[in-house]
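Comments concern the structure below.
This structure is a prediction, so every number in the text was calculated from the model and none was measured. Residue numbering restarts at 1 for every chain, and letters A, B, ... go by the order of the sequence lines.
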Amino acid sequence: MTGPSWHSLVEALIEAVWIVDAVGLRIVAVNEAAVTMVGLRREELIGRPAVELTAAPEDMFFWEDVAAGLADHIHSESLVRCADGMAIPVERSVRKLWIDAATPGFLVAMRDLRVQRDNELQLETLLAELRATLESTADGILAIDLQGHVRNYNRHFAELWEIPEKLMVQRDDPALLAHMAGMVDDRAGYEAQLAHLAQFPLLEATDALTLRSGRSMERVSLPQYSRGQPIGRVFAFRDITQKRDADARLRLAAKVFELSLDAVFITSADYLLLAANPCCERLTGMAQAQLLGISAHDMFHDPHDAGLFVRIGQHLATDGYWEGEVWRKGEGQHARAMQVSWVLLRDELGVAVNSVCFFKDLTEKYAAQQRIETLAYRDVLTGLPNRLLLAQRVDFALRMAERNGGQFAVFFLDLDRFKNINDSMGHAFGDRVLVEVAERIKAVLRDVDTLCRLGGDEFVVFLQETDAHGAETCAQRILQGLARPFQIEEMSFSVGCSIGVALYPEDGKTLDELIQFADTAMYRVKEHGRGSFRFYQPQMNIDVLSRMKMDHAMRQAMQQQRFRLHYQPQIALDTGRLVGAEALARWTDPAMGEVGPAVFIALAEETGFIITIGNWVLQEAVRQARLWQDAGTPVTVSINVSALQFQQADFVQLIDRALAASGLRPGLLELELTESILLNDAEEALARLHALAALGVALSIDDFGTGYSSLAYLKRFPISKLKIDRSFVMGLPGDESDRAIVSATIGMARALKLSVVAEGVETEAQKQYLQDLSCASFQGYLCSPALPPQEFEVLMARLLLAGAGLPH
Amino acid sequence: MAHPFPKGSFKISSERQLATIRGLGLKRIRCVPAKSDPAPPGEPPAVESLAQPNADPATMVSVDPPTPEQERRQRHQELLAEQRQNLAVCDAQFGAAIRRYEIVLEQVRQQPALAARQCSELVDGIVADVLLQGESSIRLLSESMGDRACMHPVNVTILSLLLGKTLGLPAQALHDLGIAAFLHDIGKTQLPERVRWMESPMSSVDCRSYQGHVAHGILLAQCLAISDDALRALAEHHEMMDASGFPRQLLGASISLAGKILALVNRYDNLCNPPRPSAAVTPHEALSMIFSQMKARYDSVVLAAFIRMMGVYPPGSVVQLSNDLFALVVSVNSARPLKPRVVVHDPSVPRDEALIVDLEQADAPGIRRSLKPVALPKAALDYLSPRSRICYFFERALSVTHVEAMA
């Protein structure tokens with residue numbers, strides 16, 4: 001080669017070229033491309049050892065080999081170090097050549113690979129990204145070529161189709177495709193479809209496959225193009241089992257939503273309506289389009305609770321649901337009651353996303369309820385509340401009163417002699433009277449009070465927030481209201497009534513108690529002459545037990561013979577001799593201990609058991625009197641006769657039989673009667689008293705002065721003795737009026753030739769005073785309390801022995 | 001000797017145990033027939049098949065004297081089989097080493113003594129066994145580059161020990177080097193995930209935090225009571241000859257040999273197995289980059305020894321020859337690093353009879369370039385590196401074990 005010719009030749013090359021001398025392995029010449037590539041000036045390059053610029057180990061070893069005579073050429077990729085120390089990737093070829101005829105050298109030619117490397121890198125990155133995309137896609141992807149050979153699939157495909165490992169590591173397209181066909185439920189259809197797709201490479205298709213495992217797969221099949229030509233087909237598979245099931249569930253849910261008989265709407269988290277079912281449209285009278293977007297707050301209201309929605313919202317937030325009754329006022333509709341169930345829906349994170357509200361119209365239910373209520377809670381005749389409704393109202397008042405304190409009153413009201421009206425004028429007339437009575441009573445009551453008809457001619461009045469004084473005023477107004485003459489069918493007549501009053505909380509704590517006590521009090525009114533009212537009084541009370549229990553215990557006691565008679569002596573004031581004994585019933589209950597006569601006699605009178613007790617007292621007293629008669633110490637035994645007992649039709653015969661059976665001399669039995677017996681039905685009583693007197697028994701008036709005594713009757717009745725009530729004796733000798741009453745009574749008795757016994761004498765002074773008034777006899781603690789028969793006999797003996805002396 | 005059995009002497013009772021023993025690649029096994037159960041009639045004693053685990057063709061009796069061609073082919077197949085066998089052994093030991101590393105991480109705080117013993121045993125095991133098959137180890141590491149990121153400490157341990165041996169380190173120094181290599185990144189467990197990997201760009205704060213892994217590592221390693229030399233090497237694994245390293249910016253003269261080895265190998269493996277696999281370069285490229293651009297940072301003696309040991313194209317590298325055929329480097333010719341022995345992908349030759357070509361031969365082609373295994377056409381990859389691979393995936397280089405590990 002001659003100088004200028006190869007120089008210009010090298011210079012013309014695009015590649016960077018060094019000429020290296022074979023002995024020193026130094027650069028002797030470079031072209032412009034080499035200067036540009038390395039970034040050193042030509043004169044800097046020339047003279048350098050080639051190995052200094054060739055950076056890669058292969059160059060180092062190559063030049064070593066060259067030096068050792070082992071190599072004279074290389075062609076590979078390598079690196080060249082530039083002026084700035086950076087290494088440039090190059091394709092480098094080294095060949096031996098003759099610089100001139102005598103000088104061997106090497107031609108080092110280098111092509112810059114930076115652009116190519118960049119492109120490769122980009123391509124590689126792109127490819128890696130594409131692969132990653134195919135792998136990360138949610139679909140299982142299978143690519144086949146036009147001949148049906150499998151080109152690629154992604155991991156998701158292998159999972160979806162449960163490709164066995166053997167088929168993945170060893171190419172076997174027929175086995176792979178057979179595996180797929182074997183998994184499909186409808187193999188024939190599947191294969192036919194595949195054949196069809198193979199026949200028409202440009203066909204696009206989407207279909208659903210059902211696998212034999214029951215899973216569902218969606219298959220999208222698209223032709224794959226490269227440079228405008230179809231080169232194969234790509235299948236994308238997606239497991240839609242869950243979606244299919246979810247769809248089915250959704251369809252079902254939608255059906256339920258559509259057909260639900262409850263109105264349903266769904267709201268967003270801020271309670272704006274998102275959906276409403278047809279029933280909701282019907283019930284609200286609004287179309288879907290009108291409903292959507294409005295606030296659920298406008299759907300309902302509660303006239304008694306302005307903060308209804310705040311409350312609902314709080315409930316939903318804390319409990320997740322709310323139930324209740326609210327009102328809905330639609331366009332041009334009456335307000336209607338709605339039963340509402342409201343549920344809050346939360347997502348997996350617990351954030352509220354929706355709420356669902358179910359509701360139904362309660363209007364019809366309410367109407368029915370009202371009718372039922374009328375039937376259940378009202379008295380048909382008067383339209384007044386019945387006992388059930390009364391119970392509800394009182395119950396409410398009781399609960400209020402228990403919390404806040406408070407008083408109220410219950411009246412038990414019974415018309416006097418209403419039976420006469422019914423009997424003489426007929427029931428229809430009686431009913432009209434009742435209606436009129438009800439109206440009159442109502443007229444004097446306040447709105448808050450309740451008048452209730454228990455049945456027959458019995459009424460109960462419930463007075464809210466009333467004390468004794470208010471109750472008295474009210475009772476009087478009722479009495480006045482009924483006192484005006486009634487005018488029905490041109491008949492003018494008057495209707496009286498008796499009222500018993502019980503107060504809460506003094507008298508009772510339950511409605512039943514209060515009614516019962518008011519009834520008791522009313523009964524006392526009747527006993528004492530009707531046409532009035534009376535407060536229930538503590539002595540009517542049974543503190544320890546309910547009446548029912550007491551009643552039961554009393555009957556039990558009678559059966560088990562727990563009643564006994566004690567005898568209280570009656571002593572002649574002048575001689576100190578025993579003139580008689582009053583038989584008094586005693587009852588010792590194993591659980592309650594000694595039960596006072598005031599308690600159980602009052603109850604027995606109410607329940608009628610007094611007749612049984614009275615009969616027993618009669619038998620027992622007569623038996624005891626007979627024993628004393630036989631013992632030679634005859635004593636006149638007096639027994640108390642209750643009004644009820646006295647009114648028994650066979651009362652006289654009963655006495656007669658008892659006397660006959662016992663063989664007691666009738667004169668040794670004395671019957672103590674109350675004034676009320678005599679007043680009740682004077683003629684009847686008079687006849688009965690005469691019959692008794694005819695038997696020979698003695699008759700006395702008990703508790704004289706406490707009732708309404710008719711002196712005229714006294715004159716006519718065959719009575720031998722008056723008993724001055726202990727309440728008058730108690731005030732002796734200090735109380736002036738008591739002195740006057742007692743003195744007058746004794747005087748009158750003397751005038752009528754009646755004997756007098758003073759009851760409840762407890763002090764010597766009382767006795768002395770009575771003696772001064774020439775009272776005949778007395779009984780009381782001053783002499784002795786009532787004693788059992790044996791003790792009474794001891795007392796009797798002592799009295800006999802003591803003669804005129806009084807025991808201490 | 002590392003093996004998965006609880007004891008070194010035991011009764012074989014299952015086919016699986018047999019397979020495992022074969023997989024260990026042992027040349028010799030001692031068996032005591034007297035201790036065996038009586039063999040069922042009609043079956044040859046299991047011992048016989050054990051004595052020759054791979055039915056070595058060399059021992060098979062051939063009736064006719066083999067032709068030269070047959071002999072050549074037989075030798076060839078023997079060679080391939082032996083290489084495969086060695087690869088299997090290395091692979092098994094890799095797996096064991098990685099499990100060992102995980103155990104050490106778990107135990108380092110609670111049971112430091114136990115963790116230290118685990119390290120020590122592992123390093124001894126590698127020194128005893130893996131280094132014997134140095135080339136197989138390198139080949140396996142190179143072949144798997146890019147998908148062994150999680151095995152970085154084990155890779156570095158093996159390569160460091162190989163390099164240490166090449167540089168003639170005595171046994172104790174080798175042991176210390178192995179310990180340091182095995183534990184060199186243990187401090188990263190103390191770092192937030194974000195800064196465990198040095199990836200640019202990184203803020204200076206993050207960068208300082210990342211550099212702290214050396215200090216953390218020293219503290220943790222102290223718990224394990226490793227030797228001073230091992231601790232020093234660990235402390236120096238980021239120090240550079242030109243004082244550009246960290247944490248102490250030591251100059252080359254102040255850095256121990258073990259530290260220098262560790263720094264180089266660590267760098268090499270990080271280039272081959274970066275946190276982002278797509279950024280991986282081939283072992284050949286890694287070597288070239290270190291050589292061409294980072295020469296100043298590494299000890300020239302250590303670097304030269306490393307390149308000689310690895311070869312310019314380390315065993316396991318996939319290359320394209322000047323005749324455009326693809327080939328796999330199977331063996332380094334340390335005298336002529338540019339002329340290794342390769343298996344050439346020639347579709348006309350069955351895989352089992354694949355040619356091993358010594359590129360030093362006069363008419364042999366040269367190596368044009370190295371490639372990543374994924375860049376190979378599939379047929380060539382299967383032919384050259386016959387590991388079990390998923391053949392249909394778009395990401396086709398995935399080996400089955402890898403896929404299973406991911407699943």
Side-chain angles (χ1 to χ4, degrees), chain A residues 53-62 64-65 68 70-71 73-82 85-89 91 93 113 120-121 123-125 127-135 141-143 150-155 157-159 163 165-173 176, chain B residues 276-279 281 284-285 287-296 303-304 306-308 310-313 319-322 333-339 360 365-372 374-375 378-379 382 387-401 403-404 406-407:
Chain A
L53 292 169
T54 50
E58 50 264 53
D59 292 86
M60 181 180 80
F61 289 119
F62 169 73
E64 274 179 19
D65 283 356
L70 291 169
H73 70 277
I74 189 170
H75 179 189
S76 71
E77 290 177 5
S78 181
L79 297 166
V80 161
R81 201 188 345 260
C82 301
M86 287 296 295
I88 300 172
E91 182 183 353
S93 136
L113 288 182
E120 276 172 9
L121 192 68
L123 202 64
E124 209 172 294
T125 310
L127 211 60
E129 279 171 7
L130 281 175
R131 283 172 179 157
T133 307
L134 287 170
E135 285 301 341
I141 291 177
L142 168 69
V150 175
R151 290 222 311 275
N152 282 116
Y153 54 69
N154 64 358
R155 232 160 283 171
F157 170 86
E159 284 159 17
I163 306 293
E165 187 190 313
K166 192 166 76 68
L167 285 181
M168 290 201 281
V169 296
Q170 201 163 5
R171 266 188 182 272
D172 186 351
D173 292 356
L176 185 76
Chain B
R276 213 154 30 91
S278 62
V281 300
H284 162 250
E285 284 168 339
L287 282 175
S288 295
M289 280 167 75
I290 291 172
F291 185 81
S292 63
Q293 286 166 288
M294 309 172 194
K295 229 187 239 172
L303 179 57
F306 188 56
I307 292 173
R308 290 248 174 227
M310 300 294 281
V312 173
Y313 303 96
V319 295
Q320 190 169 24
L321 302 178
S322 51
N333 178 344
S334 54
R336 301 287 307 279
L338 293 177
K339 305 287 183 186
E360 203 179 358
I367 292 177
R368 171 88 55 79
R369 59 177 181 137
S370 71
L371 301 87
K372 290 181 193 173
V374 278
K378 173 157 172 40
D382 284 344
R387 298 200 294 159
S388 192
R389 286 191 169 86
I390 306 290
C391 52
Y392 288 102
F393 280 177
F394 295 97
E395 200 75 63
R396 74 196 144 179
L398 279 178
S399 69
V400 169
T401 48
V403 171
E404 279 168 359
M406 289 192 313

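- Residues passing the side-chain contact (heavy atoms from CB on, under 4.5 Å) test with Thr133(A): none are found, sequence neighbours excluded.
- One N or O on the side chain of Ser322(B) and one on the backbone of Gly366(B) form a donor-acceptor pair closer than 3.5 Å.
- Here Asp173(A) is the residue among Val80(A), Asp173(A), Leu130(A) with the most heavy-atom pairs under 4.5 Å with chain B.
- The residue among Gln293(B), Arg336(B), Arg369(B), Glu285(B) with the most heavy atom pairs within less than 4.5 Å of chain A is Arg336(B).
- Ranked by heavy-atom pairs under 4.5 Å with chain A, the first of Ile307(B), Leu338(B), Ile290(B) is Leu338(B).
- Under the ring pair (Phe, Tyr, Trp, His ring centres under 6.0 Å) criterion, Phe306(B) pairs with Tyr268(B), sequence neighbours left out.
- In this structure, no portion of Glu159(A) lies under 4.5 Å from any heavy atom of chain B.
- Heavy-atom distances place the side chain of Lys295(B), and not its backbone, under 4.5 Å from chain A.
- Inspection of the Gln320(B) and Arg368(B) side chains reveals no N or O donor paired with an N or O acceptor under 3.5 Å.
- At a cut-off of 3.5 Å, with distance as the only test, no side-chain donor of His75(A) or Ser93(A) sits close to an acceptor on the other residue.
- To the nearest 0.5 Å, atom CD of residue Glu360(B) and atom CG of residue Asp65(A) are 8.5 Å apart.
- Interface remark: Phe157(A) contributes no atoms to any contact with chain B (heavy atom separation under 4.5 Å).
- Both the backbone and the side chain of Leu70(A) have a heavy atom closer than 4.5 Å to some heavy atom of chain B.
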